[in-house]
Each structure stands twice: as C-alpha cells, then as structure tokens.
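Throughout, protein chains are lettered first and strands after them, A, B, ... in sequence-line order, and every chain is numbered starting at 1.
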2 protein chains.
Amino acid sequence: MMHTTTIEEQLAKAGIQPTAQRIAICRFLFEGANHPTAEDVKQWMDRNFPKVSLATVYNTLNLLVSHGLLKELRFQHDDRVVFDVNTVPHHHFLDEDTGELIDLDEALVTVDARLAPEYEIHQVHTVLIGRRRG
Amino acid sequence: MMHTTTIEEQLAKAGIQPTAQRIAICRFLFEGANHPTAEDVKQWMDRNFPKVSLATVYNTLNLLVSHGLLKELRFQHDDRVVFDVNTVPHHHFLDEDTGELIDLDEALVTVDARLAPEYEIHQVHTVLIGRRRG
DNA sequence: ATTAGTGCAAAGGATTTGCATAAAG
DNA sequence: CTTTATGCAAATCCTTTGCACTAAT
C-alpha cells in the first residue's frame, strides 16, 4: 500500500520549514493551480488564508524555487513571472486567445537542432503558440 | 546594380516618420546590435546621439515593434525585454555562461509536436540553453 | 534564549504616461 | 497654423528589502 506524501513531508524533505503560511501556499500550488503568478497566489491566499503579506508570498515562492520545488517562467505575452509546479523539463502551449498555458510533456515534442559542434545543449524549451479549437 | 534601402526608406515604408532620433536608434539596431535592452539602446544613444530621453527610446522601440520592424522578447534569465531586429520566425540559443543570445535560423531547428488535433499551432519558438565551447 | 519567519511599509528597477515645449508638415 | 514628436518628471507595476515583531526550536 502506497503512502501519499504530505506537503509537510515534501517541504521537510527539501529542507524547508513547513510553516502554516508555506503549507497553505503549497496547497494551492500543488493542488491544481495552473501557472499562477504571485498575484494569483496572493488572491487565493486572501480568500483561503487571510492576513498573509505579499512579501511572504514572494518569499515563499522564491524559497520554493531555490529549493527546486517550483520553477519560474517568463513568457512573451506577460511581463510577470509565472510559477510552474512541474519541475521536470517540459514544453508549453500558449493559447493566444485565452492566455492559458498548458504543459506539454517532453515526450510530446521532439526538437532536433542542427548546430555546430561547439554548441553544447543543456536544456531545450519550446513554446507552441496557437489556439485550441473546440 | 542593387540599391541598399536606407533607414529613412525603411521607416517611411513602415509608416513611421523618420525623425533624427528614430533614425539614430535604428542605426544602432539595424547595424549589428545584438538583442539589446532599452537600457542598451539608451547607453548607445548617450554616447552617439546625446540628449535623447529614455521616454523617446521606449516610445521609438514600441513604435518599431507595433509597426513590425522589431520584435520584443523575454527570456527566463532576465526580466527585461530584449529587442530583436530579426522579425522572421526563428529560434534562440542562450549561452548560460555569458548570457549571450544567438539567433538560430528556423531551418536549423526542427520541432515536431504530437498534439491532439484541437491544438492549432501558429508559432513555434524554441530556446536552446547551453554553452558554446571554444 | 536564540534562530527563523512574518508583516508592513518603503525602496527598487523597468516601463509607461501626462503634460508642456519644440519641431515638422 | 496644426499636428506630431520630444523631454522631463511623475506615476505605475512587479518585485525585493529593511526592520520591528512574532513564533518557532
């Protein structure tokens, strides 16, 4: 029988003290938030865990990033940072109508770059921009 | 014999009045500036065409973008906008040591995305992150 | 007790805006 | 003359920081 890791455990394992504020933020992040901005996190917190300051939101997000639990991303269409719980390398689809960002598993996108041999490639990130019909 | 298009002509053709400030900025941009930020443009102007305000630099850059002579790009490693004279679709290599950005012709990078048919793809942009040896 | 986390308000950097002046058509 | 561009300073947006306060170990 398999044991689901709690947020406290995930934080502890990453070396982050699991305070109430941090757990609340992680609850939002790890339970389905889709590429939220700091402001999105703040707004969710205001509704679900009031009295947390914006500074704590930023501190916590940066802490999670620096401990590898979160990635920060920037896209062309928005000058704000968005956070991605998906820390595994992957790509993104950006719906140009709605602004919605969708993670694309690395296996779904094949990138073949024919560069001169002095270019060592360490990471590849593709953004597909378009529209989802339907 | 082929006639090289002047900056004035390029601006006029795009419907932009070719003022002295705009021409100077375009001279910097179109003659080899590599993915400059607004601040880079301002600094070049301070040296080569003093007394131009930062507001005019931003106004001009935005004007060029809105008329299709320039693209604005944002990358993960820098929260500032960088401008790209290359308005044809292409990809980028980011040297993670130096921060240098290198344009990659679209033909050099093949992207194959296996998405569900409701995803209409209009643009593809790949960033390759790594290091250039040598 | 000592260290670490939080909240608030202020500061910071990048970019935009309002408005008066200057230049262009 | 009338419109458009410029310069300056102030304003705005996002994010970070300093510092006093609180809560953990």
Contact list please: residues 69-85 of chain A against DNA chain D, heavy atoms, distance less than 4.0 Å, in numerical order.
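Residues of residues 69-85 of chain A under 4.0 Å from DNA chain D: A:Arg80, A:Val81.
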Residues from residues 47-65 of chain B sitting under 4.0 Å of DNA chain D, heavy atoms only?
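Within this stretch, B:Lys51, B:Val52, B:Ser53, B:Ala55, B:Thr56 sit under 4.0 Å of the strand.
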Residue list, salt bridge (Lys or Arg N to Asp or Glu O under 4.0 Å) with A:Lys42, at least two apart or on another chain
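Listed in chain order: A:Asp46.
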Touch check for A:Gln21, heavy atoms < 4.0 angstrom, all strands: base, sugar-phosphate only, or nothing?
sugar-phosphate
Atom pair CZ (B:Phe93) and CG (B:Leu101), whose distance is rounded to the nearest 0.5 Å:
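Interatomic distance, B:Phe93 CZ to B:Leu101 CG, rounded to 0.5 Å: 10.0 Å.
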What distance do B:Gln10 atom CD and B:Phe30 atom CZ have between them, rounded to the nearest 0.5 Å?
5.5 Å
Just by distance, no angles: are the side chains of [X] and [Y] close enough, under 3.5 Å, to form a donor-acceptor pair?
{"X": "B:Asp40", "Y": "B:His35", "value": "no"}
{"X": "A:His90", "Y": "A:Asp84", "value": "yes"}
{"X": "B:Thr56", "Y": "B:Asn59", "value": "no"}
{"X": "B:Glu106", "Y": "B:His91", "value": "no"}

Once you measure the plane-to-plane angle for B:Phe28 and B:Trp44, does it fall in the parallel (<30°), tilted (30-60°) or perpendicular (>60°) bin?
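Plane angle under 30°, so parallel.
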Please, which pairs that meet side chain to side chain donor-acceptor pair (under 3.5 Å) have at least one residue in residues 123-134 of chain A, sequence neighbours excluded?
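Side chain to side chain donor-acceptor pair (under 3.5 Å) check on residues 123-134 of chain A returns A:His92-A:His125, A:Asp97-A:Arg131, A:Glu100-A:Arg132, A:Thr126-B:Thr126, A:Arg133-B:Glu120.
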Measure the distance from [atom1] on [X] to [atom2] on [N] and round it to the nearest whole Å.
{"X": "A:Asp46", "N": "C:dT6", "atom1": "CG", "atom2": "P", "result": "16 Å"}
{"X": "B:Glu39", "N": "C:dT16", "atom1": "CD", "atom2": "P", "result": "14 Å"}
{"X": "A:Ile23", "N": "C:dT6", "atom1": "CD1", "atom2": "P", "result": "10 Å"}
{"X": "A:Lys42", "N": "D:dT16", "atom1": "NZ", "atom2": "P", "result": "16 Å"}

Please determine which of A:Val85, A:Ile16, A:Leu61, A:Thr87 meets the side chain to side chain contact (heavy atoms under 4.5 Å, CB included) test together with A:Leu69.
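Checked A:Val85, A:Ile16, A:Leu61, A:Thr87 against A:Leu69; only one passes side chain to side chain contact (heavy atoms under 4.5 Å, CB included): A:Ile16.
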Under a 4.0 Å heavy-atom criterion, the protein footprint on nucleotides 20-25 of chain C, written with B, S and -, is ------
List the residues meeting side chain to side chain contact (heavy atoms under 4.5 Å, CB included) with A:Ala107, not counting sequence neighbours, and say none if there are none.
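Listed in chain order: A:Asp105.
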